[in-house]
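Position 1 is the first residue of the sequence, and the numbers go up from there.
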Amino acid sequence: MIPLQPPRRLIDVQIDDETVRVPEGATILDACRAAGKDVPTLCHGDTLTPKNACRVCVVEVEGARTLAPACSRKAEAGMKVGTGSERARHSRKVVLELLGSSVDLSTTPRAAEWTAEYGADPARFGADAATVEQPAKVDNDLYVRDYSKCILCYKCVDACGEQWQNTFAIGVAGRGFDGTISTEFDAPLTDSACVYCGNCVEVCPTGALSFKTEFDMRAEGTWDESRQSETTTVCSYCGVGCNLTLHVQDNKIVKVTSPHDNPVTKGNLCVKGRFGYGYV
C-alpha cells in the first residue's frame, strides 16, 4: 500500500505575465512547465536532487540580482518570472556555446535544437579550444563510458551514491578543467565496486554512458529510434515487481529503461532487470 501524501497548499506564480497555480514546494521549472513554457534543461533529473551544474535553465526573477536556476529554485507565492528575457536568453546561449565547444553533444537530446534556437555558435572559440575529448572506454559487455560527451553534471555520481544505489563506485578525478568522472581511484571498471545496475546510464543526459548495444549500433549506423517501439512490462526475475520498458528495434530488445513515475523503483533497476534480457 502506498501511503497518501499530506495535501499541499497551492500558490500563485506569474510566469511571463501568466498566472499559474502550483503546489507549495514546486520549483520554478515546475511552474514554467505548468504554464507551457519550454525552458531548456540538461542536468535536471526528475528522480534526483537538482545539482545546478549546467545553468542552461536560468530565468529572470523580478527583484533578484542574479539569474535563477529554474530547476532548483523554489517557486514562491506572488513571484514574477521571466523565461524569455534578453538576459536569460543570452546566458543560455553562452552556456550552450561553452558546452558545445568542449563536449560532444551529438547524442544529447534537443542540444542541436536549442543551439539553433538561441543562435549559439560553439565554433567561435576556434579550432584550438580545449575539449574533453578522449577515447570511449569499452571494457565490458553491458555499458560504455564515452567521457568526450560528459558535461560533468554529476548525476551518475549521485545515482551511484547516496541518492539511489549506495555503491559509490563513481566519483570525480582531477580538478578544474582536468576533472572527469571516474571510478574510485580511477581503477578499471571491472576492478571497481560497480554492480552494473545501470542506474547511472538511466540518468545520463548526454549519452556519455550508454548501453553497449546502443554504442555498437550507433557505430554501425543502424541505431534508429524512429523504428523503435517501447513496451512496459514487469521484471520476471523476483517478486519486487519492478517495471521494465523494453526498447525494441527490428524485433530485438536494444535497451531497457524503467518508468520514473514508478512509486517503488523510480526508474532504478538491478543488473538483471537492466541487462539480463538475453534469454528473451
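In this structure, Lys93 has no salt bridge (charged side-chain N to carboxylate O under 4.0 Å, His left out) partners at least two apart in sequence or on a different chain. Evaluation of the salt bridge (charged side-chain N to carboxylate O under 4.0 Å, His left out) rule for Asp191 yields no partner, not counting sequence neighbours. By the side chain to side chain donor-acceptor pair (under 3.5 Å) test, Thr41 is found to be paired with no residue, residues two or more places apart in sequence or in another chain being considered. Listed by chain and number, the residues in a side chain to side chain donor-acceptor pair (under 3.5 Å) with Asn268 amount to none (sequence neighbours excluded). Residues that satisfy the side chain to side chain contact (heavy atoms under 4.5 Å, CB included) test with Thr167, not counting sequence neighbours, are Cys160, Gln165, Ala169, Ala193, Val195. For Phe211, the ring pair (Phe, Tyr, Trp, His ring centres under 6.0 Å) partners are Phe275, not counting sequence neighbours.
Closest of all the heavy-atom pairs between Val144 and Ala136 is CG1-CB, 4.2 Å.
Identified under the salt bridge (Lys or Arg N to Asp or Glu O under 4.0 Å) test for residues 264-280, with sequence neighbours left out: Glu202-Arg274. Every pair passing side chain to side chain donor-acceptor pair (under 3.5 Å) that includes a residue from residues 119-129 is listed here, sequence neighbours excluded: Glu97-Arg124. Applying the salt bridge (Lys or Arg N to Asp or Glu O under 4.0 Å) test to every pair with at least one member in residues 101-120, sequence neighbours left out, gives these pairs: Asp38-Arg110, Arg110-Glu113. Among residues at least two apart or in separate chains, salt bridge (Lys or Arg N to Asp or Glu O under 4.0 Å) pairs with a member in residues 155-168 are Lys51-Asp158. The side chain to side chain donor-acceptor pair (under 3.5 Å) pairs that include a residue from residues 133-145 are Asp139-Arg145, where partners are two or more places apart or lie in different chains.
Other members of the cluster containing Leu98 are Val94, Phe125, with ILVMFWY side chains joined at under 4.5 Å, either directly or via other members.
Val81 places none of its side-chain heavy atoms less than 4.5 Å from the side chain of Glu60.
For Tyr237 (side chain) and Gly276 (main-chain N/O), a donor-acceptor pair under 3.5 Å exists by modelled atom type.
Residue His260 qualifies as enclosed at atom NE2: its count of foreign heavy atoms under 6.0 Å is above 12.
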